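As a basis for the values below, the full set of heavy atoms in this structure was taken, side chains included, without hydrogen atoms, waters or symmetry mates. The structure presented is a predicted model; accordingly, all values stated were derived computationally and were not measured. Counting begins at 1 with the first residue of the sequence.
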Amino acid sequence: MTDELRSTALESKAWPYEEARKLLKRYPDGKPGGEAILFETGYGPSGLPHIGTFNEVLRTTMVRNAFHALSDQKTRLIAFSDDMDGLRKVPDNVPNQEMLRAHLGKPLTQVPDPFEKFDSFAAHNNALLRQFLDRYGFDYEFASSTDYYTSGRFDDALRLVLNHFQGIQDVMLPTLRAERRATYSPVLPISPKSGIVLQVPVEVIDADAGLIAFEDEGERIVQSALGGLSKLQWKVDWAMRWVALGVDYEMAGKDLIDSVTQSSKIARVLGGRPPEGFNYEMFLDEHGEKISKSKGNGLSLDQWLTYGPEESLAFFAYREPKKAKQLHMGVIPRAVDEYWQFRTNYPNQSLKEQLGNPVHHIHDGKLPQGELPVTFGLLLNLVGVMGEASKEQVWGYLANYVPEASAEKYPELDRLIDHALAYARDFVAPTLQRRAPESHEAEALRQLDAQLGQLPAGASAEDIQNIVYEIGKTDAFPSLRDWFKALYETLLGSAQGPRMGSFIALYGVDNSRKLIAEALAKAL
C-alpha cells in the first residue's frame, strides 16, 4: 500500500472509504489486544436468499476492502444466519406448503426442507446462501445461530441478558403496544412439549445458573435458558451478538432503523458498544414494492447471472446505496454497459478519480485486463434481429465490425454473447413487433437504402451514422429523435435502439438493406 494511495483514500468521498474511516475513528490505536476488526452481515433463512441478501455481503466487503487501504489492522467477516428463529409464515415461493404449516413456530433448523434435499429448511437456505457467496469469491466465515446457541457459545452472553433482564425491558417496553407489553419477554424459551419458540412472559429464577420459568400449555415449566433451550427476541438477539462476538461494523436496511436504535441501547445495557454502520435503501421490484423473501418477488442470483455477468450485479449494488432502486430484469443491460463505461475510463483517471470509480471497489483496485469492442445494448439489438441464432453466427456478424474478432482475443465479449442470447430469447424477442412505416418514413427509408447501396465496402460506422443524420435533418421529421424512433420501430421492432451507424456496420450493409426492404414491403 503506497503512502499516496492511503492519503488519497483518507480524503476520498466514495462511500466505502467514508464508512471505513468510521472504523479508524472507532479505534485510533487499533482494536485492543490486536484483535481483528469484525464485520458482520445477517441473514434470516425463513425464505430463499435473494440479491438483497447477497448485496449486503458485497457492500460490507467493499467497506472492508476500503479499510484495508487505510489500515494494516486485521479484519474478519462473519455471515451470520439467524436459523434458530421460529418459522412465522410459509413463503409463497416454496413447495409442500401444507407440510410447512404444520411446523409454524418451530426453529428453522427443526422445520423439514420443503425441497426434500437437506435436513431442514434452514439448512437448505443456508446452503443456497453459501453457494452464491462462494461463487462470488467472498472471504467470510459462516455462522449458524443454532450452532452458537446449542454449543453453549452464547451461554455467557445469555447469562448477561438474564442479569440485565429489567434493564432490557426498560428499553423495549416503551416501544411496544399495550397488548404486546403484557406478554413481551427478551428471552424466548423452546417448548419442551411442542418444540415451538414460545412468545410468553418469562421469569428469571437464577440468572447466573441460567434458570427461567414460564407457562407452557397451562403448566409452569422451570428450565435452563442455556445450551439451545431458548433464544432471544430479534432486537435483543442482535444486540447480544454484537456484544458476544465483538462486532465492529454492520450495515442494515432502512426498514431496520428502529431495530438498530433499540439494539444499540440494549448493547449498552449489556456493557458493550454498538457497531458502526449505515442504513441502506431497500431494493424494490418492478412495481415499486419492497423485495421480500416470503413473497419471492426479487431476483435470485442465478437469474441475474443468466442474463448478466457478476461484475454487472456488483456495479448495480455499489451505486447510490442510500437511494431506493428497482431491481428487475430490465435493469441488467444498462448495468452491464455502465459498468464497462466506468471500467474503460479507469486507466486514464487520476488516483482520486479512480478511488471514486465503482469498478475500483468492485475489483478492489485490481482490474482485469481486456476491453469490450461493442456495447451489450448493441449485442442485444443484433441478436434481436437475428432471431434464432448461435454463438458462432453472432461472432460471424461481429467480424463485420470488430477487427480480428475472436473469443480468444475478447473472452469477456464471448461470455457476454451467452448472456445476450439468453436475454434476447427470454425478454427481447417476445416483445419485438415491427410496424409498417408511414409514407414520409417510407420515403426516408428509400433514401437511406439508396445511399447505403452507394457506400464502398468496409465503410465505417461513423460514415454510416453521418448518412443517417443527414436524412433525419429533412423537414419530414420534426426532430432527429422522431427519425431514430421510426428506424427502431420499423426495422428493429423496438421503441428504443442503438446508434444506427454502429448497428448497420455490425449487422452488415446488405443485411440492413434487407431489413429496409421488408419494412417498405409492409408500407405497400
Side-chain angles (χ1 to χ4, degrees), residues 1-2 4-5 8-9 12-18 20 51 54-55 57-59 61-66 68-69 135-138 301 304-321 323 325 327 329-383 394-395 398 401-423 461 498-499 502 506:
M1 183 192 312
T2 66
E4 182 187 10
L5 174 59
T8 306
S12 176
K13 293 183 179 179
W15 68 261
Y17 287 116
E18 291 181 337
I51 286 179
F54 165 84
N55 160 75
V57 182
L58 175 69
R59 286 174 172 166
T61 296
M62 289 177 174
V63 176
R64 185 185 181 193
N65 290 338
H68 289 159
R135 178 173 181 174
Y136 205 86
F138 288 117
L301 187 74
W304 184 295
L305 296 183
T306 298
Y307 307 111
E310 284 92 340
E311 56 267 23
S312 64
L313 173 56
F315 178 87
F316 183 80
Y318 175 87
R319 302 294 300 279
E320 302 175 305
K323 179 180 178 181
K325 294 184 288 189
L327 174 62
M329 293 298 180
V331 306
I332 296 176
R334 182 177 178 181
V336 174
D337 279 335
E338 288 189 348
Y339 160 81
W340 273 99
Q341 288 173 12
F342 279 94
R343 178 165 155 183
T344 301
N345 293 338
Y346 187 86
N348 299 318
Q349 291 178 323
S350 67
L351 180 58
K352 179 181 178 181
E353 291 171 326
Q354 287 180 337
L355 297 190
N357 188 321
V359 300
H360 179 85
H361 301 277
I362 292 168
H363 298 291
D364 193 20
K366 307 173 187 68
L367 270 67
Q369 297 297 311
E371 58 179 308
L372 193 68
V374 298
T375 66
F376 189 57
L378 190 57
L379 264 184
L380 287 176
N381 286 119
L382 172 64
V383 298
V394 176
W395 271 115
L398 286 168
Y401 188 72
V402 181
E404 302 176 34
S406 69
E408 292 72 30
K409 184 172 182 179
Y410 298 107
E412 289 177 292
L413 175 57
D414 189 60
R415 290 193 293 272
L416 270 186
I417 292 173
D418 290 324
H419 295 305
L421 288 169
Y423 193 92
R499 196 168 187 266
S502 299
L506 174 59

J.: Is the W304 ring parallel, tilted or perpendicular to the F316 ring (thresholds 30°, 60°)?
T.: tilted

J.: Would you say the side-chain atoms of N357 pair up with the backbone N or O of V359, donor to acceptor, closer than 3.5 Å?
T.: yes

J.: Kindly say whether L58 contributes a backbone atom to a donor-acceptor pair with the side chain of Y318 at under 3.5 angstrom?
T.: no

J.: Taking side chain as C-beta onward, heavy atoms only, is Y401 less than 4.5 Å from S502?
T.: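 Of all side-chain heavy-atom pairs linking S502 with Y401, at least one is under 4.5 Å.
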
J.: Contact between P373 and L413 at the side-chain level, heavy atoms closer than 4.5 Å - yes or no?
T.: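 Yes, side chains in contact.
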
J.: Considering only heavy atoms from C-beta outward, does the side chain of I417 approach that of L398 to under 4.5 Å?
T.: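 Of all side-chain heavy-atom pairs linking L398 with I417, at least one is under 4.5 Å.
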
J.: When the ring planes of H360 and Y346 are compared, do they come out parallel, tilted or perpendicular, using 30° and 60° as the limits?
T.: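 Taking Y346 first and then H360, their aromatic rings lie parallel (interplane angle under 30°).
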
J.: Does the side chain of H361 come within less than 4.5 Å of Y17's, by heavy atoms?
T.: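 Sidechains of H361 and Y17: in contact.
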
J.: Under 3.5 Å, is there a donor-acceptor pair between the side chain of H68 and the main chain of V63?
T.: no

J.: Can you confirm whether K325 is buried at NZ, in the sense that more than 12 heavy atoms of other residues, nucleotides or ligands lie under 6.0 Å from that atom?
T.: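 Yes, because the 6.0 Å sphere around NZ of K325 holds more than 12 heavy atoms from other groups.
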
J.: Once you round to the nearest 0.5 Å, how far does CZ of R135 lie from CG of L301?
T.: 6.0 Å

J.: Going by heavy atoms in the side chains, are M62 and W15 under 4.5 Å from each other?
T.: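 They are in contact (side-chain heavy atoms under 4.5 Å apart), so the answer is yes.
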
J.: Between D414 and W395, is there a side-chain heavy-atom distance shorter than 4.5 Å?
T.: yes

J.: Has the side chain of N345 got a donor or acceptor atom that lies under 3.5 Å from a matching backbone atom of Q341?
T.: yes

J.: If you round to the nearest 0.5 Å, how far is CG of N381 from CZ of F376?
T.: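 It is 11.0 Å, given to the nearest 0.5 Å.
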
J.: Would you say the side-chain atoms of S12 pair up with the backbone N or O of T8, donor to acceptor, closer than 3.5 Å?
T.: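 Looks like no, no N/O pair under 3.5 Å.
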
J.: Run the salt bridge (charged side-chain N to carboxylate O under 4.0 Å, His left out) test against R499 and tell me which residues pass, sequence neighbours left out.
T.: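 In terms of salt bridge (charged side-chain N to carboxylate O under 4.0 Å, His left out), with neighbours along the sequence ignored, R499 is linked to E462.
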
J.: Can you tell me how far the CZ atom of R319 sits from the OH atom of Y339, to the nearest 0.5 Å?
T.: 14.0 Å

J.: By salt bridge (charged side-chain N to carboxylate O under 4.0 Å, His left out), which residues pair with K13, not counting sequence neighbours?
T.: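 For K13, no residue satisfies salt bridge (charged side-chain N to carboxylate O under 4.0 Å, His left out) once neighbours in sequence are set aside.
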
J.: To check you understand the geometry: which heavy-atom pair defines the closest contact between Q369 and R343, and what is its length?
T.: O-NH2, 3.1 Å

J.: According to the interplanar angle, ranging from 0 to 90°, do the rings of Y136 and F54 count as parallel (below 30°), tilted (30 to 60°) or perpendicular (above 60°)?
T.: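 It falls in the perpendicular class, over 60°.
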
J.: Please walk me through it: do W340 and L416 pass side chain to side chain contact (heavy atoms under 4.5 Å, CB included)?
T.: CA-CA 12 Å; W340 273 99; L416 270 186; 4.2 Å; yes

J.: Do L372 and T344 have side chains that approach each other closer than 4.5 Å (heavy atoms only, starting at C-beta)?
T.: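 No, their side chains stay 4.5 Å or more apart.
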
J.: Any chance you could measure T61, atom OG1, to I362, atom CD1, to the nearest 0.5 Å?
T.: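 Interatomic distance, T61 OG1 to I362 CD1, rounded to 0.5 Å: 13.0 Å.
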
J.: Considering only heavy atoms from C-beta outward, does the side chain of T375 approach that of P498 to under 4.5 Å?
T.: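 Heavy-atom side-chain distance check fails, nothing below 4.5 Å.
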
J.: Might you point out which heavy atoms bring G356 and A14 nearest each other, and give the distance in Å?
T.: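 Closest pair (atom of G356, atom of A14, distance): CA-CB, 4.1 Å.
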
J.: Can you tell me how far OG of S350 sits from CD of E353, rounded to the nearest 0.5 angstrom?
T.: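 One finds 3.5 Å between CD of E353 and OG of S350.
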
J.: Search all heavy atoms of V383 against all heavy atoms of A420 and return the closest pair with its distance.
T.: CG2-O, 3.8 Å

J.: If you take all heavy atoms of P358 and F342, which pair is closest and at what distance?
T.: CD-CD2, 3.5 Å

J.: Taking all heavy atoms of S312 and all of G308, pick out the closest pair and write down the distance.
T.: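 Of all heavy-atom pairs spanning S312 and G308, the closest is OG-C, 3.7 Å.
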
J.: Roughly how far apart are D337 CG and I332 CD1, rounded to 0.5 Å?
T.: 12.5 Å

